[in-house]
*Asks:* 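First the structure, then my questions, so here it is.
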Amino acid sequence: VEENRRLYRLKFDLADQILGNRYGYKRPAGGFCVWLDISALGNEEDITLRLFKEGGVRVIPGSYLARQQPDGRDLRSHQVEVRQSHSRSRHHRADGRDHADPPRPCGRGRSARQHPHSPGRLNPFQEVSMPAKIIQSNPTPFNRDAKVDPITLDIVENALRNARSEMDAVLFRTAMSPGIREQHDAFPMIANQDGKMVVGQFGSFIWGFMQGYDGTVEEGDVFLTNDPYSVNGAISHQNDWLMLMPIYKSGRVIAWSAMFGHMTDVGGRVPGSLPTDAREIFEEGVRCPPVKIYRRGELQEDLLKVLLHNCRLPRWNLADFNAIVAALRTAAVRCIELSERFGDDVFYSAMESMLERNRRAMRELIRRTVPERRQQFEDYICDDGLGMGPYRIRCSMWREKDRCIFDFSGTDPQSTSSINFLLNEEMFKMFAGVYMIMVFDPQILFNDGFYDLMEVRIPPGTLLKPLKPAALSCRTHAL
């Protein structure tokens, strides 16, 4: 116990130095809060500081796991919160001024509305990210009060459903890899101007994508990434290439089309890019941050060549890449046709009505089926491929008025292997929403309209919210 206390103090002092040197904080009389994820083999003192945050009032010991390594060595993993007493609720910077943000509790998951990369918020774990700037030559706002009669609404809804199916057809007929062509491991989506999915399957990842991209969005652009950490887990491992395209008409964005597909190989240590014994994401293939792969309609060939040069099946990946682009453009054509047929304002209002209709239906389902009393369930992943386990996943669910709360507190700390699952909150809402719709009312059109009726809390540093650069390739075990 005394040795562990010494190690905790060592890392606390190290965090104090890092905060001061890198982020301009200085240690006030009251101190600040640090989140530690500490791992040590035997008596080694080489332990890792994973994450730290502001705020807090006292020292709270966290979970302790004892595992046996295959060679008999004991791996001790601690996940703790170290909080010093603080009589003031403001933070001090090196220049003596107070930081305006109030302290936040450690170890608490955030809902989608409390995204860690919100504009203007100091994020000590990464660079401060700002939303992408959308360039539109026509700044005229849509008429949000445009009336849509029920017949027109049904026509638009079914036309968008068919456009989504057409995206699948184009993709499956032109892709080359068996994973996409035969297994259909790809998921299309059409979203409204604000990036909310109107038709699709995996929920909208546009908001998370744009938070990881600090450039401009222009007509003819197509964006690409395969880095889960850049988009808050909108894709959960590097084999998934996520692409999206703004749909412009008359100089302004009227919708978005997007899709991600599983590439057979993206480099890394092993063929297929799914090493079961990876310790860091850098072992799992080439990471591509959010970039423009098409700029104003022109393919950035040099960038694509770099990505293809670092995989084992470049012809497959190139064919799959072109198939996804073709599917995105197919959706764009159909959305523009609908907008020309009914008018931009009616097209916009129809999509808003589809979202609101879904919200009303889901609110009624939540009221009828989710109890206010807390329900709890837990399950286990038996092994992580390195001889350690089991790993517990725990979730509590309850209702607060019209809102359904999911809390994953009690889930075990992240694994040292690649079974970690960076679970995006919107993706989990999709899981829960699809289940409720299929069980209780399959006629409801699934989209993002109900997302504000659910709150998902996932503590950072756990198996479902691992901290960079944790390996993610074999997250299927948790998924």
Side-chain angles (χ1 to χ4, degrees), residues 105 108-116 118 144 148 150 153-154 156-158 160-161 164 187 189-192 194-208 232-234 236 349-379 393-411 421-459 462 464-465 478-479:
R108 294 288 302 273
R110 297 185 181 90
S111 68
R113 295 185 181 275
Q114 296 171 303
H115 199 280
S118 297
R144 297 175 179 265
V148 183
L153 182 58
D154 279 350
V156 173
E157 176 183 319
N158 284 282
L160 290 174
R161 287 177 184 256
R164 187 256 189 196
F187 304 95
M189 178 191 72
I190 298 174
N192 71 350
D194 302 320
K196 296 180 180 179
M197 185 190 77
V198 179
V199 292
Q201 182 170 347
F202 257 75
S204 180
F205 33 71
I206 294 175
W207 191 91
N232 191 34
S236 51
S349 295
M351 289 193 289
E352 289 293 300
S353 297
M354 292 165 63
L355 293 167
E356 179 57 29
R357 188 164 60 180
N358 170 273
R359 187 180 188 277
R360 290 195 305 268
M362 287 297 297
R363 181 175 58 198
E364 190 63 29
L365 285 182
I366 290 173
R367 286 174 177 172
R368 293 182 179 183
T369 62
V370 180
E372 293 182 340
R373 185 170 58 88
R374 183 186 294 259
Q375 311 291 311
Q376 184 171 295
F377 178 79
E378 63 183 43
D379 203 350
I393 298 176
R394 173 182 289 172
C395 182
S396 300
M397 178 189 72
W398 68 95
R399 178 171 58 85
E400 295 179 1
K401 295 183 179 179
D402 293 338
R403 299 174 64 247
C404 184
I405 313 297
F406 297 91
D407 189 349
F408 285 88
S409 297
T411 297
F421 180 24
L422 184 57
L423 178 57
N424 179 270
E425 287 81 0
E426 276 72 22
M427 184 177 291
F428 182 80
K429 292 176 184 180
M430 179 275 299
F431 293 156
V434 166
Y435 177 81
M436 293 181 68
I437 288 173
M438 295 306 296
V439 170
F440 298 109
D441 192 348
Q443 297 303 314
I444 297 175
L445 173 66
F446 174 74
N447 58 40
D448 285 359
F450 72 94
Y451 277 14
D452 66 319
L453 299 177
M454 290 186 178
E455 180 181 347
V456 182
R457 303 170 183 174
I458 310 175
T462 59
L464 300 181
K465 189 66 69 173
L479 175 61

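Owing to the predicted nature of the structure, the values given are computational and were not obtained by experimental measurement. For this chain, numbers begin at 1 and follow the sequence in order.
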*Asks:* Answer yes or no: is there a donor N or O on one side and an acceptor on the other, between the side chain of N192 and the main chain of M351, under 3.5 Å?
*Replies:* no
*Asks:* If I take atom OG1 from residue T462 and atom CZ from residue F421, how far apart are they, to the nearest 0.5 angstrom?
*Replies:* 11.5 Å
*Asks:* With heavy-atom distances below 4.5 Å as the criterion, would you say the side chains of V439 and T369 are in contact?
*Replies:* no
*Asks:* Got L445 and N447 here, is their nearest side-chain heavy-atom distance under 4.5 Å?
*Replies:* yes
*Asks:* Report the distance from atom CG of L422 to atom CE of M427, rounding to the nearest 0.5 Å.
*Replies:* 9.0 Å
*Asks:* Which of parallel (below 30°), tilted (30 to 60°) and perpendicular (above 60°) describes F446 and Y451?
*Replies:* tilted
*Asks:* Has the side chain of N358 got a donor or acceptor atom that lies under 3.5 Å from a matching backbone atom of F450?
*Replies:* yes
*Asks:* Please give me the minimum heavy-atom distance between L355 and M197, naming the atom from each residue.
*Replies:* CD2-O, 3.4 Å
*Asks:* Please tell me if the side chains of I405 and R457 come closer than 4.5 Å, counting only heavy atoms from C-beta onward.
*Replies:* yes
*Asks:* Side chains of M397 and R374: closer than 4.5 Å at any heavy-atom pair?
*Replies:* no
*Asks:* Do the side chains of F408 and C395 get nearer than 4.5 Å, heavy atoms only?
*Replies:* yes
*Asks:* Is the backbone of R373 close enough, under 3.5 Å, to the side chain of Q375 for a donor and an acceptor to pair up by distance?
*Replies:* yes
*Asks:* Is there side-chain contact between R399 and I366, with at least one heavy-atom pair below 4.5 Å?
*Replies:* yes
*Asks:* Does any part of the side chain of M354, heavy atoms only, come nearer than 4.5 Å to the side chain of L160, both counted from C-beta?
*Replies:* yes
*Asks:* Where the side chain of K196 meets the backbone of G449, is there a donor-acceptor pair that is under 3.5 Å apart?
*Replies:* no
*Asks:* Would you name the heavy atoms of R161 and Q443 that are closest together and state the gap between them?
*Replies:* NH2-O, 4.3 Å
*Asks:* Is there a side-chain contact between I393 and L464, using heavy atoms and a 4.5 Å cut-off?
*Replies:* yes
*Asks:* Between S236 and G233, is there a donor-acceptor pair closer than 3.5 Å when you use the side chain of the first and the backbone of the second?
*Replies:* no
*Asks:* What are the two closest heavy atoms between M362 and L453, and how far apart are they?
*Replies:* C-CD1, 4.3 Å
*Asks:* Would you name the heavy atoms of C404 and V370 that are closest together and state the gap between them?
*Replies:* SG-CG1, 3.9 Å
*Asks:* Is it true that a side-chain atom of D441 and a backbone atom of I437 form a donor plus acceptor pair closer than 3.5 Å?
*Replies:* no
*Asks:* Locate the shortest heavy-atom distance separating R164 from I190; write the atom from each residue and the value.
*Replies:* N-CD1, 4.2 Å
*Asks:* Just do the side chain to side chain contact (heavy atoms under 4.5 Å, CB included) check on V456 and D407 with the steps written out, would you?
*Replies:* CA-CA 6 Å; V456 182; D407 189 349; over 6 Å; no
*Asks:* Give the intermediate values and the outcome of side chain to side chain contact (heavy atoms under 4.5 Å, CB included) for residues M189 and V198.
*Replies:* CA-CA 8 Å; M189 178 191 72; V198 179; over 6 Å; no
*Asks:* Under a 4.0 Å N-O cut-off, is there an ion pair linking D452 with R359?
*Replies:* yes
*Asks:* Apply the salt bridge (charged side-chain N to carboxylate O under 4.0 Å, His left out) test between E455 and each candidate in R403, K429, K401; give the one that qualifies.
*Replies:* R403
*Asks:* Could you check whether any side-chain N or O of T411 sits under 3.5 Å from a backbone N or O of R394, counting only pairs where one atom can act as donor and the other as acceptor?
*Replies:* yes
*Asks:* I need the minimum non-hydrogen distance between L153 and S353, along with the two atoms involved.
*Replies:* CD1-CB, 3.9 Å
